[in-house]
Amino acid sequence: MARIQQNPDVSVLRINSWLGVNEHPDGDTELRPGEAAEMVNFRITKDGNLQLRPGMRTVHSARAWQGPIRGVWRGRVKGELVTVFAAGGRIWVFDFGTTEATEITDETITDGATTFFGFARKLYIMTGHEYLEWDGENPVRQVEGYRPLISVSRHPSGGGTELEQINKLTGKRRARYSPTDGIRAYQLPERNIKSVDYVRDLADGTDIDADRFTVDLTNGTVTFHFTPANGINTIEIGYTAGTDFRREVEAKRFAEFFNGGADNRVFIYGDESNKALYTGLDSAGNPRADYFPDLNVLDVGTANTPITAMIRHHDRLAVFKTDSAYSVQHGVINLEDGRAVPAFYVSTVNRSIGNAAPGQAELVQNNPRTLFNSAVYEWSNQAIQTLTNDSRQSRVISRRVHATLRAMNLKNTVTFDDNERQEYYIIEGDVAVVNSYMTDTWFIYRDFDISHLFTVNGGLYGTTRDGDIVSISRSHTSDNGREISARWISGSIAFNRDWQRKFVSRLFVTMKPEAKSFIRAGIRTNRSQQIAQTVSQGLITFTDANFRHWSFGTNRQPQTRRLRIRANKLTYLQLVFESRSDWSTATILAASMRAMYSGDAR
């Protein structure tokens, strides 16, 4: 809590809770006590205290790949928990125990923005140019693609029952025949094919030798040199068509899981179009990430604007374009032949608000967040689930940092939800805008050289723009030896009487005792007075001992320090906390100040 207490002669400012930054458009005289007009490299803790941001320490340098890390993923592959990243046109696995990186690629891939997703005990990798997979044992390879069973119960002359759609990833297909009437010539479902890959007798599960049949690629026929025995679906022919649509899959850059109440389909998007592709189930009912049936295409809105983000929300899929938002619902269509096939229905949620940052929608406390028009929008459960047109379906939650967001190019931002510390990050270049959603506060980090964030066993890690992997922790008091420069400046405080002059002689600062605790505190006034003093509240420790700044403090209870300051005839003042060091930390619990009135302002 922060408040100003008054009597006829004296006014007391007390700040017991810090409220983050507020870049108020009408100036800093409108700010509440505890809000900052400027706040750089300070954060707000879960208990509402003001604290220097954590520092960084490199755990692995970019010597091997000599360039930026393009994407990071942590999860399980074949049951093992691994950290995987893309850098230098290769894919690497990083071991936090040995701090060693091991390459898992045999061939160079596109050295560009890369995303990952785990599915069916494998890891899939998307670069916008390749679609790759890693099984946890063998090197990364191109996803070959499932060979669909497109037709069954075929008569040798053709016909039969359609079963599975062709796969966009590959030209490979298969068809099953029911031999009859001694016919030896078998017509394939397509002509002008590339190859016949095998002919299999399903009665005994063996492949028929190639010298026992003749293939006509132009007419798409297989002619046996013997008469196959009559049967039902006893001959399977695998072939490769002359064309495929693999490039449509490889051009996508992002993925999301959805299938109504389950997560057994992969939706991929991100090729600057309004189309998303989604995977299918094979003939045995197994979900696959290497099967994109030809008709499994989701068209969202008009073709003029691309899909920029997808995120599953309960049993709906929220889809965002650059200027609009949609909700996708799972359903079923009954075909004339009696088959029931899945269908996905698209409904409009909002026609004027969407998402500008490709692939950067986050689900924060079960509400989707998107970046649009220099702001962070939070979408309500009601908006996605009930498709209401209520104006409250989305709301701007970032007005307090609008000026900083306006200076950022949202298309180039990276977002991250650090659920461990309940902090939501928006990063571009060396600037990070952070929302502590537990305390409903915002703060800004600068000189924050981070391109991606991820967590490992509760710890926060990042990758730098040079390609290093770094630990981000309060145990690091510098950014790899570089000083952290931090400042917190309150709004202009008039002690509720902007028409009177004041006299201030004391500032009380309460800090948490901890090793290497150090800050400079003071005031600025409208008379250009700047007064600052050092506040130190360290604990004795031999860990990373620095005898230039030694403390014999042993009391772990919070301590209040009285600072003597003398500022006369001021009308407004700003409270200031500053730090610039590579060795200190600080947690400020409270601050108080008393002002005495001394006549009318002139």
Name the one of [options] that satisfies side chain to side chain contact (heavy atoms under 4.5 Å, CB included) with [X]?
X: L317; options: I311, V346, V328, N259; result: V328
X: F372; options: T322, T308, I353; result: I353
X: V470; options: N480, V59, T463; result: N480

Apply side-chain contact (heavy atoms from CB on, under 4.5 Å) to the pair V376 and I426, showing each step before the final yes or no. CA-CA 9 Å; V376 180; I426 307 163; 3.4 Å; yes

Just wondering, more than 12 heavy atoms not from [X] lying within 6.0 Å of its [atom1]?
X: Q365; atom1: CD; answer: yes
X: R247; atom1: CZ; answer: yes
X: I232; atom1: CD1; answer: no

Donor-acceptor pair between [X] and [Y] side chains, under 3.5 angstrom:
X: T127; Y: T114; value: no
X: S195; Y: D197; value: yes
X: R265; Y: T279; value: no
X: T464; Y: D466; value: no
X: R184; Y: T227; value: yes
X: Y177; Y: E236; value: no
X: Y326; Y: S324; value: yes
X: H314; Y: N366; value: yes
X: H60; Y: T99; value: no
X: Y437; Y: D417; value: yes
X: T180; Y: H155; value: no
X: N233; Y: R176; value: no

Audit row: T302, K321, side-chain contact (heavy atoms from CB on, under 4.5 Å) steps and yes/no: CA-CA 10 Å; T302 66; K321 301 180 72 179; 4.2 Å; yes

Charged N to carboxylate O under 4.0 angstrom, [X] versus [Y]?
X: K122; Y: D135; value: no
X: D271; Y: R253; value: no
X: D418; Y: R421; value: yes
X: K78; Y: E137; value: yes
X: E190; Y: R173; value: yes
X: R369; Y: E362; value: no

Non-hydrogen side-chain atoms of [X] and [Y] separated by less than 4.5 Å:
X: L405; Y: V433; answer: yes
X: V222; Y: V196; answer: yes
X: P306; Y: N274; answer: no
X: W92; Y: T83; answer: no
X: R465; Y: P68; answer: no
X: T415; Y: Y425; answer: no

Quick one: is the NZ or CZ of K168 closer than 6.0 Å to the six-membered ring centre of F292, and within 45° of its axis? no

Do R288's NZ or CZ and the ring of Y291 fall within the cation-pi criteria of under 6.0 Å and 45°? no

Name of the residue among W65, F116, F454, W73 meeting ring pair (Phe, Tyr, Trp, His ring centres under 6.0 Å) with F85: W65

Considering non-hydrogen atoms only, spot the tightest contact between [X] and [Y] and give its length.
X: F267; Y: L298; answer: CE2-CD2, 4.1 Å
X: V266; Y: A289; answer: CG2-CB, 4.4 Å
X: A356; Y: L410; answer: CB-CB, 4.3 Å
X: T234; Y: P179; answer: OG1-CD, 3.1 Å
X: S398; Y: A375; answer: OG-CA, 3.4 Å
X: T413; Y: Q360; answer: O-CG, 3.5 Å

Which word best sums up how the rings of W379 and Y377 line up, parallel for under 30°, tilted for 30 to 60°, or perpendicular for over 60°?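 Plane angle between 30° and 60°, so tilted.
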
Classify the ring geometry of F119 against F117: parallel below 30°, tilted from 30° to 60°, perpendicular beyond 60°.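 It falls in the perpendicular class, over 60°.
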
[X] (side chain) donor-acceptor with [Y] (main chain) under 3.5 angstrom:
X: N350; Y: S352; result: yes
X: D216; Y: N219; result: yes
X: D468; Y: A62; result: yes
X: D209; Y: D211; result: no
X: D282; Y: N286; result: yes
X: N419; Y: Q422; result: no

Stepwise side-chain contact (heavy atoms from CB on, under 4.5 Å) check, Q187 with S157: CA-CA 5 Å; Q187 180 65 54; S157 61; 5.6 Å; no

For M56 and I450, run side-chain contact (heavy atoms from CB on, under 4.5 Å): C-alpha distance rounded to whole Å, both residues' side-chain angles, the deciding distance at 0.1 Å, then the answer. CA-CA 10 Å; M56 306 176 200; I450 293 294; 3.9 Å; yes

As an exercise, state the distance from CD1 of I472 to OH of Y461, rounded to the nearest 0.5 Å.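 I472 atom CD1 to Y461 atom OH measures 10.0 Å (nearest 0.5 Å).
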
Is there a salt bridge (Lys or Arg N to Asp or Glu O under 4.0 Å) between D244 and K172? Walk through the geometry before answering. CA-CA 9 Å; D244 62 51; K172 295 180 179 181; over 6 Å; no

In sequence, state the C-alpha distance, the side-chain angles, and the governing distance for E133 and R141, and then conclude on salt bridge (Lys or Arg N to Asp or Glu O under 4.0 Å). CA-CA 6 Å; E133 68 178 2; R141 64 182 181 89; 2.4 Å; yes

Please find out if less than 6.0 Å separates the ring center of [X] from that of [Y].
X: F94; Y: F96; answer: yes
X: Y186; Y: F224; answer: yes
X: Y278; Y: F344; answer: yes

Among H129, E130, E250, find the one that has a side-chain hydrogen bond (donor to acceptor under 3.5 Å, both in side chains) with T110. E130

